[in-house]
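For reference, the structure is listed below as structure tokens.
Values below: all heavy atoms of this structure, side chains included; hydrogens, waters and symmetry mates excluded. All ligand and atom numbering here is 1-based and tracks the order in the structure.
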Amino acid sequence: MRGAVLYGPRDVRFEERAAPTIIKPTDAVIRMSATCVCGSDLWPYRGISPIAGPTPMGHEYCGIVEEVGREVISIKPGQFVIGSFFASDNTCPHCHAGYQTSCQHKELVGGAQAPLLRVPLADGTLVATAVVPSDDLVPSLLALSDVMGTGWFAADAANVKPGAKVAVVGDGAVGLLGVLSAKLMGAGRIIAMSRHPSRQQLAREFGATDIVTGRGEEGVARIKELTDGVGADAVLECVGTQEAIVQAIRSTRPGGSIGYVGVPHGVELNGQEMFFAHVRLHGGPAPVRRYLPALVDMVLKGRMNPGKVFDLTLPLDQVAEGYRAMDERRAIKALLRP
Ligand SMILES: [Zn+2]
């Protein structure tokens, strides 16, 4: 089969690779219905996160089960399944607590930008739908694999409650779906921070009530202004830079919460500032598996359409163009069809 392999900065190739097979008896192999490029794929693509050598790319997936190992019980060939970017057993203490991305047996799922994918710990990792969904639902179901699950976790970790005043830092796909998540959780006011007209438009469609274009201190001042000088009850930090996390902390009211899901790069927090800020910080790699059953149900019932975040659809063999378009911010998120 052919799949995406990153060789170095801005060098993604679609090339022949060995097709995945069952290695452990708890594995499944799935045939991809759709996959996509993640904002986090851009860190190695831009050379900011080094890679050891040629690396198969992609960790967002949904598709039809081709084959399962002999110890797999609940997942069966022919089922349509979705899973998270970390495989998890869903039975250990951390999984039971709802933190499957800290599973004692977690394994990264990689190489999803390909027609076939091996998923470890299939019973714990994959969620199957009752019937194979219609093709028009595939983008929204794929979004649950990472980006929507991560936006949902950001909102949950920021403790969004009905009526809450929420601010979202970051207008990438996760930030935009953080807006949608806050809306579905009943937020009263949702302030999206964005400078890009097309992203502002989608943020409004997803439920943003206000758009703030300023960054840094200017952005903080505007959020204070919009919240009567108090600060937001809940702030979703969906970027991962020093500027973004400081902006999130300073935009939060005393007693408020921040959900941070941007993978930190070069972030250092000041102990004194944290002490006097009086805010809660919770975040990390989103335990998408915890939310998958409920989010799948919401998509199947038509209660949300997170697939709108894909504003570019390409055949899988044009994966390199998907990276370029996202790198240059011409696209919010690229969907790839094998
Ligand atoms: Zn576990």
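The Zn ion (ligand 1) lies at 2.8 Å or more from every N, O or S atom belonging to His94. Put simply, Cys95 gets within reach of the Zn ion (ligand 1), with an N, O or S atom under 2.8 Å from it. At a cut-off of 2.8 Å, His105 is not counted among the residues with an N, O or S atom near the Zn ion (ligand 1).
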Practice problem: Evaluate side-chain contact (heavy atoms from CB on, under 4.5 Å) for Gln79 paired with Ile64, printing each intermediate quantity in order. | Solution: CA-CA 5 Å; Gln79 283 180 327; Ile64 305 286; over 6 Å; no
Practice problem: Just do the ring-ring contact (aromatic ring centres under 6.0 Å, His included) check on His94 and Phe86 with the steps written out, would you? | Solution: CA-CA 13 Å; His94 300 327; Phe86 266 117; over 10 Å; no
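Side-chain contact between Leu314 and Leu335 is absent, with no heavy atoms from C-beta onward closer than 4.5 Å. By the 4.5 Å heavy-atom criterion applied to side chains, Phe153 and Pro287 are counted as neighbours.
Nearest N/O/S atom of Asp89 relative to the Zn ion (ligand 1): this is OD1.
Our summary of the site lists the angle at the Zn ion (ligand 1) between SG of Cys92 and SG of Cys103 as 120°, to the nearest 10 degrees.
Of the charged side-chain nitrogens involved, none lies within less than 4.0 Å of a carboxylate oxygen, so that Arg2 and Glu15 do not count as a salt-bridged pair.
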